[in-house]
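This report refers to the structure that appears directly beneath it.
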2 protein chains.
Amino acid sequence: MAAVGRIAGVSQVTVSRALSDPSKVSPDTLRRIHDAIEVTGFVPNALAGALASRKSKLISALVPALTNIVYSSMLKSFSARLRSEGYEILLSETGFDPADEERVIATHLSRRPDAVLLTGIHHSAHARKMLLGAEIPVVEVWDITDTPIDLCVGFSHAATARAVAEYAVERGYMKAGTISAGDERAHRRKTAFVDRFEELTGSSVAQYDHGSLASLGQGRKGLAHLLDNYDLRNGLIFCSSDLLAQGVLIEAHARGLTVPDDIAVIGFGDQEAAAELEPSLTSVRVDRTTLGLTAAEAVLARLEGKDAPPRSTDIGFEIITRDSA
Amino acid sequence: MAAVGRIAGVSQVTVSRALSDPSKVSPDTLRRIHDAIEVTGFVPNALAGALASRKSKLISALVPALTNIVYSSMLKSFSARLRSEGYEILLSETGFDPADEERVIATHLSRRPDAVLLTGIHHSAHARKMLLGAEIPVVEVWDITDTPIDLCVGFSHAATARAVAEYAVERGYMKAGTISAGDERAHRRKTAFVDRFEELTGSSVAQYDHGSLASLGQGRKGLAHLLDNYDLRNGLIFCSSDLLAQGVLIEAHARGLTVPDDIAVIGFGDQEAAAELEPSLTSVRVDRTTLGLTAAEAVLARLEGKDAPPRSTDIGFEIITRDSA
DNA sequence: TTGTATGCGTTATCAA
DNA sequence: TTGATAACGCATACAA
């Protein structure tokens with residue numbers, strides 16, 4: 001800035017002002033400064049700016065997995081909204097383990113973000129302490145609780161699963177199985193579904209859990225396992241993701257089974273593909289765009305110091321009925 | 001650090017040393033410092049550290065779209081390798097427009113990253129100038145050129161497409177169509193395929209281009225359009241992504257066509273799902289994990305100042321033969 | 001093994 | 001409308 005100033009014939013401070021609040025600089029010097037910036041190829045140092053102003057214009061976003069479309073699509077709207085306000089997103093994967101998450105949180109906080117987005121509501125005690133100590137807005141998404149660290153935007157996983165169980169029973173399905181990923185939220189959905197379905201029908205639910213990342217292959221394997229070990233004819237399979245459900249459709253087709261007549265399927269997430277499958281997939285829709293947007297607005301409200309945002313926002317969900325169940 | 005030092009009975013500098021190079025501090029004071037950090041909940045300020053040391057330990061990664069698995073899976077190995085060396089990744093979407101990319105590059109450079117990863121080899125003149133001026137390692141991935149800004153790790157899109165055309169002709173397909181996304185690299189693949197196929201067979205290739213993001217729906221629409229307007233019986237469809245190819249499989253099935261007998265399909269990307277589809281999908285494999293890893297190693301070599309990495313690395317590709325073609 | 005002095009490139013405060 | 005000066009919180013060089 002000093003070098004730019006020398007060329008423009010002003011001091012370093014005036015250059016700073018020209019960049020941060022042009023209205024405070026006369027049009028003439030502003031022009032000279034911009035010319036000088038042009039010839040020098042000057043790029044401001046946001047690190048120094050953040051140190052001096054105590055505002056980094058950086059927002060940390062921590063998600064379990066970048067490759068999972070449900071998180072990345074939520075981040076899309078979250079990022080877009082915040083970027084329009086001049087914030088940049090520092091994005092990291094945490095995996096599904098709170099201990100790993102804690103490490104990531106620590107390195108992120110050392111960059112002095114202006115706010116943090118976390119996925120889920122279960123974090124290590126030390127992580128909570130660090131977050132509280134940072135004294136910045138913290139928004140937990142993709143789940144809901146009355147006692148968030150700071151803010152919370154999401155929905156009840158148990159409620160979605162119970163609704164699916166009730167939907168299944170209403171449609172007359174008296175047998176059911178689950179194919180579920182190993183992460184805590186998927187497990188919570190499975191358990192809620194199983195409890196509610198057994199409560200309503202009295203028949204026990206066959207379960208297949210895979211530890212690793214969800215995939216078409218796991219969905220196929222899951223259905224194969226269930227069909228080979230249980231009688232699920234005319235029953236329904238509840239999957240912890242659309243991807244697994246898609247695998248189920250493929251395996252069913254490969255076995256000559258008709259969906260939904262021989263076996264019905266319900267997914268979770270209602271991804272873009274759900275409507276395009278044959279048969280189209282019944283799924284639980286969570287509006288990820290709204291989720292990301294609402295989280296961004298909550299953070300912004302706190303950052304800009306406007307009206308206090310609600311501590312907890314339930315964005316709800318919806319079962320989208322299609323052909324598979 | 002000064003506060004921590006006061007509690008531990010040492011100066012600020014000693015605290016700094018305890019954190020950056022513990023071996024330079026006596027075991028006894030090290031313990032006292034860690035105790036003091038514990039009680040104060042101290043989190044170092046990486047901003048100040050970066051400003052003082054002129055090393056941010058931050059690496060910018062710019063990809064067209066986060067939701068596209070081909071980019072995010074490449075980033076996974078890139079990030080993992082660099083994180084193991086203490087670097088953090090500042091990730092942003094650029095879209096497919098060089099003008100948008102330029103803006104993102106500017107804001108990223110203001111954070112003073114230690115290196116930059118870019119997707120593709122086409123960037124605005126001003127972007128190149130800024131990058132060069134930053135005097136940091138720059139690695140361009142997912143394409144190949146002899147004249148990268150600095151480093152380059154990727155493969156030839158034209159070569160993959162020509163190989164697919166030759167593969168098709170070898171298998172006796174004499175008619176072909178393409179379904180392609182609108183981005184520049186997809187377009188380049190399509191053109192190379194069309195040229196080579198027409199050169200080999202003399203028969204012209206039917207083309208369907210969709211502007212927006214690839215999806216199952218676009219794949220279905222694409223096949224529908226091609227079948228309704230051209231005679232492609234016993235021909236082959238080359239799609240610019242596996243996702244489109246998956247849509248083609250679904251549409252073919254919905255129309256009672258058998259793949260590959262009535263119509264053959266080749267995808268691009270060889271995603272996890274390709275092997276699990278019915279029929280399984282023939283596709284062009286690009287080893288995204290290797291790509292990300294190689295890019296990371298190239299950056300590290302330059303950063304750690306070891307042996308100079310090759311300016312340009314071609315990681316090649318492979319056509320994975322499965323049932324769909 | 002530890003400490004002192006200095007500077008990194010900005011923004012905030014105050015004065016002119 | 002502009003400038004001088006002092007932080008911001010750390011790392012580096014040098015000294016003890």
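Per chain, numbering begins at 1; letters A, B, ... match sequence-line order.
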Each nucleotide of nucleotides 7-16 of chain C classed B (base within 4.0 Å of a protein heavy atom), S (only sugar-phosphate) or -, in 5' to 3' order, makes BBBBBB----
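- The salt bridge (Lys or Arg N to Asp or Glu O under 4.0 Å) test applied to A:Asp97 returns no partner, not counting sequence neighbours.
- In this structure the side chain of A:Pro148 never reaches within 4.5 angstrom of the side chain of A:Leu151, judged on heavy atoms.
- Pairs engaging residues 13-31 of chain A under the salt bridge (charged side-chain N to carboxylate O under 4.0 Å, His left out) rule: A:Asp28-A:Arg31, A:Asp28-A:Arg32, A:Arg31-A:Asp35 [sequence neighbours left out].
- Listed by chain and number, the residues in a ring-ring contact (aromatic ring centres under 6.0 Å, His included) with B:Phe78 amount to none (sequence neighbours excluded).
- Under the rule for a side-chain contact (heavy atoms from CB on, under 4.5 Å), the partners of B:Ser53 that lie at least two apart in sequence or sit in another chain are B:Lys55.
- Counting only residues at least two apart or in different chains, salt bridge (charged side-chain N to carboxylate O under 4.0 Å, His left out) contacts with residues 104-113 of chain B are absent.
- Scanning for salt bridge (Lys or Arg N to Asp or Glu O under 4.0 Å) contacts around A:Glu297 gives A:Arg81, with sequence neighbours left out.
- When only modelled atom types and interatomic distance are considered, B:Glu101 and B:Ser124 share no side-chain donor-acceptor pair under 3.5 Å.
- Counting 5' to 3', DNA chain D first comes under 4.0 angstrom of a heavy atom of chain A and last does so at the ends given by D:dT1 to D:dG9.
- Listed for the A:Glu140 side chain is a donor-acceptor partner under 3.5 Å among the backbone atoms of A:Ile149.
- In this structure B:Arg302 satisfies the salt bridge (Lys or Arg N to Asp or Glu O under 4.0 Å) test together with B:Asp150, sequence neighbours excluded.
- When the shell of 6.0 Å around NE2 of B:His122 is examined, it contains more than 12 heavy atoms from other residues, nucleotides or ligands.
- Within a heavy-atom distance below 4.0 Å of DNA chain C, the residues of residues 21-28 of chain B found are B:Lys24, B:Val25, B:Ser26.
- Note on the helix from C:dT1-D:dA16 to C:dA16-D:dT1: terminal axis deviation equals 30°, with five pairs used at each end and the result rounded to 10°.
- For the salt bridge (Lys or Arg N to Asp or Glu O under 4.0 Å) test, residues two or more places apart in sequence or in another chain that qualify with B:Asp143 are B:Arg188.
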